[in-house]
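All values below come from the heavy atoms of this structure, side chains included, with hydrogens, waters and symmetry mates left out. Start at 1 with the first residue, then count along the sequence.
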Amino acid sequence: AALCRTLPPALAELDLDVRLQKSRLRPCPQSEFPRALASALPAQRWLSSLRLRLSGWSLSSPALQALWQALPPGLEDLRLDLEVGREAGGDAVASLSAGLPRELRQLALCLRGWRCTEQGVFELAAAMADQRGLRKLMVLLSDCPISVAGVEALA
């Protein structure tokens, strides 16, 4: 969280890879980091590329929604690799869909183990169709309970 509070204000690219290990010493305050990142992102008005990898986290849909709402509107390259546990459901996917910056040229979404709903996937597919400048797209939904219709919507 301290790193997020001290980000230089003129970053063009930000690559964060935060993988938590289970610790027997003390529990990690898992909501502090995403809250700090969501607070720091709006100040990054020059940010054109964000690569965020979170693994081992247990983040709720509201915590993820705060991140999506904080994405700088001028992002051109967004890569999210989020293995955040079963707390992330269809409402988190729907809010991501609504929060995608409009300037994207590249988008990579790896949402392993999310509880995606059909509705969330359909909203994500609709958001992709609105991305007129998108040139490169990768979506990975593994271990997500969606039907063939949901997969076809993304295709």
Worked verdict on Leu100 versus Asp130 for side chain to side chain contact (heavy atoms under 4.5 Å, CB included): CA-CA 10 Å; Leu100 286 175; Asp130 288 342; over 6 Å; no
For the student: nearest non-hydrogen atoms of Ala38 and Ala66, plus distance: CB-O, 3.7 Å
A quick test of your reading: do over 12 heavy atoms of other residues, nucleotides or ligands sit less than 6.0 Å from CZ of Arg45? no
Enter the distance from Leu54:CG to Cys110:SG here, rounded to the nearest 0.5 Å. 12.0 Å
Take Leu52 and Asp81 through the side chain to side chain contact (heavy atoms under 4.5 Å, CB included) test and state the conclusion after the steps. CA-CA 6 Å; Leu52 180 61; Asp81 186 349; over 6 Å; no
Do any pairs count as a salt bridge (Lys or Arg N to Asp or Glu O under 4.0 Å) and have a residue in residues 52-76, sequence neighbours left out, and if so which ones? Asp15-Arg53, Asp17-Arg53
Distance check, rounded to the nearest 0.5 Å: Leu107 atom CG versus Met138 atom CE? 8.5 Å
Joint hydrophobic cluster, Leu47 plus Leu7, side-chain heavy atoms closer than 4.5 Å: yes
Applying a strict under-4.5 Å side-chain criterion to I, L, V, M, F, W and Y, I'd like to know whether Leu78 and Val139 cluster together. yes
Indicate, with yes or no, if Leu134 and Phe122 share a hydrophobic cluster defined by side-chain heavy-atom contacts under 4.5 Å among Ile, Leu, Val, Met, Phe, Trp and Tyr. no
Report yes or no: do Leu104 and Leu140 belong to one cluster of Ile/Leu/Val/Met/Phe/Trp/Tyr joined by side chain heavy-atom distances under 4.5 Å? no
Could you give the distance from CG (Leu109) to CG (Leu82), rounded to the nearest 0.5 Å? 8.0 Å
So, does Ser48 use its side chain to make a donor-acceptor pair with the main chain of Leu75 at under 3.5 Å? no
Flag yes if Trp46 and Leu71 sit in one hydrophobic cluster, no otherwise; membership is Ile, Leu, Val, Met, Phe, Trp, Tyr, and two members link when side-chain heavy atoms are under 4.5 Å apart. no
Any donor-acceptor pair under 3.5 Å from Ser97 side chain to Leu124 backbone: yes
Those residues at least two apart in sequence (or on a different chain) that pass side chain to side chain donor-acceptor pair (under 3.5 Å) with Arg79 are Asp77, Gln106
So, taking the atom named CG in Leu80 and the one named CG in Leu64, what distance separates them when rounded to the nearest 0.5 Å? 9.5 Å
How close do Trp68 and Ser95 get, counting heavy atoms only, and between which atoms? CD1-OG, 3.0 Å
Gln131: which residues meet the side chain to side chain donor-acceptor pair (under 3.5 Å) condition with it, sequence neighbours left out? none
Examine the side chains of Gln69 and Gln65 and answer whether a donor and an acceptor come within less than 3.5 Å of each other. no
Say whether, by atom type as modelled, one donor and one acceptor occur between the side chain of Glu123 and the main chain of Leu96 under 3.5 angstrom. no
Pro101 to Pro73 - nearest heavy-atom pair and separation: CB-O, 3.6 Å
Could you tell me which non-hydrogen atom of Ala129 sits nearest to which non-hydrogen atom of Arg132, and how far apart they are? O-NH1, 3.1 Å
